[in-house]
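Data first, discussion second: the structure below is written as structure tokens.
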2 protein chains.
Amino acid sequence: MTPGVETILEDLEHATGVEDLQQVIQALRDHFGVDHMVYHWVNSDGDQYGCGTYSDAWVARYLEKDYLKIDPVVYGCYQRFHPVDWKRLDWSSRAVRQFQVDAIEHGVGNQGYSVPVRGPNGQFAMFTVSHNAEDDAWAAFAETNRRDLILIAYFFNQKALEFEPGRRPEQTPSLSPREVEAMTFLAIGYSRAQVAQTLSISEHTLRVYIESARFKLGAQNTTHAVARAISRGLIVV
Amino acid sequence: MTPGVETILEDLEHATGVEDLQQVIQALRDHFGVDHMVYHWVNSDGDQYGCGTYSDAWVARYLEKDYLKIDPVVYGCYQRFHPVDWKRLDWSSRAVRQFQVDAIEHGVGNQGYSVPVRGPNGQFAMFTVSHNAEDDAWAAFAETNRRDLILIAYFFNQKALEFEPGRRPEQTPSLSPREVEAMTFLAIGYSRAQVAQTLSISEHTLRVYIESARFKLGAQNTTHAVARAISRGLIVV
DNA sequence: TTCCAACTCCCCAGAAATAGCGAGGGGCGG
DNA sequence: CCGCCCCTCGCTATTTCTGGGGAGTTGGAA
């Protein structure tokens, strides 16, 4: 690990507020000598929180256009575990290409490298480095700094979780085993009758579980409950 | 980072099969000079996969007694983002204390340090170091090697995901913008009528989107479609 | 012991979703 | 130009889900 990173990480670990994160991320940007560095938390209800060096104009634009929904970086990171080079993402759709042009016009680099991070209750965030560079140079940079970036993403997320407890979905209540089973089977397409048969219980009993789970999850209906259970990591489909 | 770890991590990254993971974890155990080192993947349905240096007897015992359900390490890691020292967990309940005695009798150290790791689709695993030591010595060890352990946990999980046969190869179909909107609103608990009103279209039209999305996703019903859309990252809820 | 949470079962009526037929216009790429 | 996908709207009948009741057992925690 580069000595500079070491000390900046120390600062990060001693950060006591959101404003410190902004300081740290700028220090990191300068240290790595890249155009931008951004931490981007995407909450399970579409809510988002970011901190980094993108221009205010670009952030506003991103929110205004609701780019979150089509951003291939978000989509790509969401599906992967390992860090992703933006080149490896799918930029083919029309809307996405428009987004790309818009981003570059707003000073986002043509190259990027994003590290997905996941926390409890389905929390999800990304730590991104963006720069203007040739492919070769960028590949070398990413390869060299990969481990540092993973650690930085990790500690950044740790701090973000620490500072923003309110941002987390309401203390996820745990589901009982039967409720988990019920939600899981519903999530893989079984009807109530099928689930009841599979679990060898009456459909009435099953309904109690579903309603109980729905209540615990604060969900409006079964689909909502299943969606929440999945995005909070209570069930795996 | 200690030089030894560096080379072992290289080996880890070049691992081509599950058997290599076992080699690597033993090398890591020897390098850190601790009693045990374990990677433990836990699915929410109770399915688990592990690899490490615990005795076969203990692993068998753990499975036989279904200790997964009461293991405070699993529970504690599941709720946290940062690594946890076993001391900070709740060992108060009677069943848990019995588990603790059993574990120590089977050669698990009295001290432990576990790093939670999370992947896409709610994947969850832990990387654990366990040892027999005094509190002070252990705290020092944990503090010193924390970052290395986080990185090791990260790369170990990456490899485990890579070797996981259940990885879905089928490429996910893309949904049209309207379909994405429909799925998104359904996932946050709107009824069909509400979604239709929100999108300012007739409920009949909405139904076409839902059915189209369901078809594309190979889903049996709306709940299934929404579940798939979420777990494939097509919508962010 | 007492209490609570989890698990199990039952009825009924109204609301919502699904399955099956349709129809037509607009835009984009081969 | 034609085909394909996306967007929009319609009807009817059937199945499924939801919301309102109530009731008993069991095992673990306070």
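- Closest approach of B:Q48 and B:H40 over heavy atoms only: OE1-NE2, 2.7 Å.
- One axis for each end of the helix from C:dT1-D:dA30 to C:dG30-D:dC1, each built from five base pairs, and the angle between them comes to 70° at 10° resolution.
- For B:H106, the ring pair (Phe, Tyr, Trp, His ring centres under 6.0 Å) test picks out B:W58, with sequence neighbours left out.
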Distances for protein N or O near nucleotides 15-18 of chain C N or O, under 3.5 Å:
unit_1: C:dA17; atom_1: OP1; unit_2: B:R192; atom_2: N; d: 3.1
unit_1: C:dA17; atom_1: OP2; unit_2: B:R192; atom_2: N; d: 3.4
unit_1: C:dT18; atom_1: OP1; unit_2: B:T222; atom_2: N; d: 3.1
unit_1: C:dT18; atom_1: OP1; unit_2: B:T222; atom_2: OG1; d: 2.7
unit_1: C:dT18; atom_1: OP2; unit_2: B:R192; atom_2: NH2; d: 3.3
unit_1: C:dT18; atom_1: OP2; unit_2: B:T222; atom_2: OG1; d: 2.6

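- Among residue pairs with one or both ends in residues 98-127 of chain B, those qualifying as salt bridge (charged side-chain N to carboxylate O under 4.0 Å, His left out) are B:R61-B:D102; sequence neighbours excluded.
- Here D:dA29 presents its C1' atom at 13 Å from CG of B:D90, a figure rounded to the nearest Å.
- Not counting sequence neighbours, the partners of A:W138 by the ring pair (Phe, Tyr, Trp, His ring centres under 6.0 Å) test are A:F141.
- The salt bridge (charged side-chain N to carboxylate O under 4.0 Å, His left out) check on B:R214 picks up nothing, with sequence neighbours excluded.
- Here the shortest heavy-atom pairing between A:G189 and B:Q220 reads O-CB, 3.4 Å.
- Listed for the B:Q194 side chain is a donor-acceptor partner under 3.5 Å among the backbone atoms of B:S191.
- Residue A:H224 contributes atom NE2, which lies 18 Å from atom P of D:dC17 at whole-angstrom precision.
- Here B:K65 pairs with nothing under the salt bridge (charged side-chain N to carboxylate O under 4.0 Å, His left out) rule; sequence neighbours left out.
- Here C:dC11 presents its P atom at 16 Å from CG of A:L206, a figure rounded to the nearest Å.
- In this pair, A:F99 and A:W91 present their aromatic rings parallel. The plane angle is below 30°, not in the 30 to 60° band.
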Letter by letter from the 5' end, nucleotides 23-30 of chain C scores (B base, S sugar-phosphate only, - none; protein heavy atoms under 4.0 Å) -----S--
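- Every residue two or more places apart in sequence or in another chain was checked for a ring pair (Phe, Tyr, Trp, His ring centres under 6.0 Å) with A:Y209, and none qualifies.
- Residues satisfying the ring pair (Phe, Tyr, Trp, His ring centres under 6.0 Å) test with B:H36, not counting sequence neighbours, are B:Y54.
- The salt bridge (charged side-chain N to carboxylate O under 4.0 Å, His left out) pairs that include a residue from residues 193-211 of chain B are B:R207-B:E211, where partners are two or more places apart or lie in different chains.
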Nucleotides 2-7 of chain D: which of its N/O atoms have a protein N/O under 3.5 Å away?
unit_1: D:dC6; atom_1: OP1; unit_2: B:K216; atom_2: NZ; d: 3.4
unit_1: D:dC7; atom_1: OP2; unit_2: B:S176; atom_2: OG; d: 2.6

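- In this structure the side chain of B:R192 never reaches within 4.5 angstrom of the side chain of B:T222, judged on heavy atoms.
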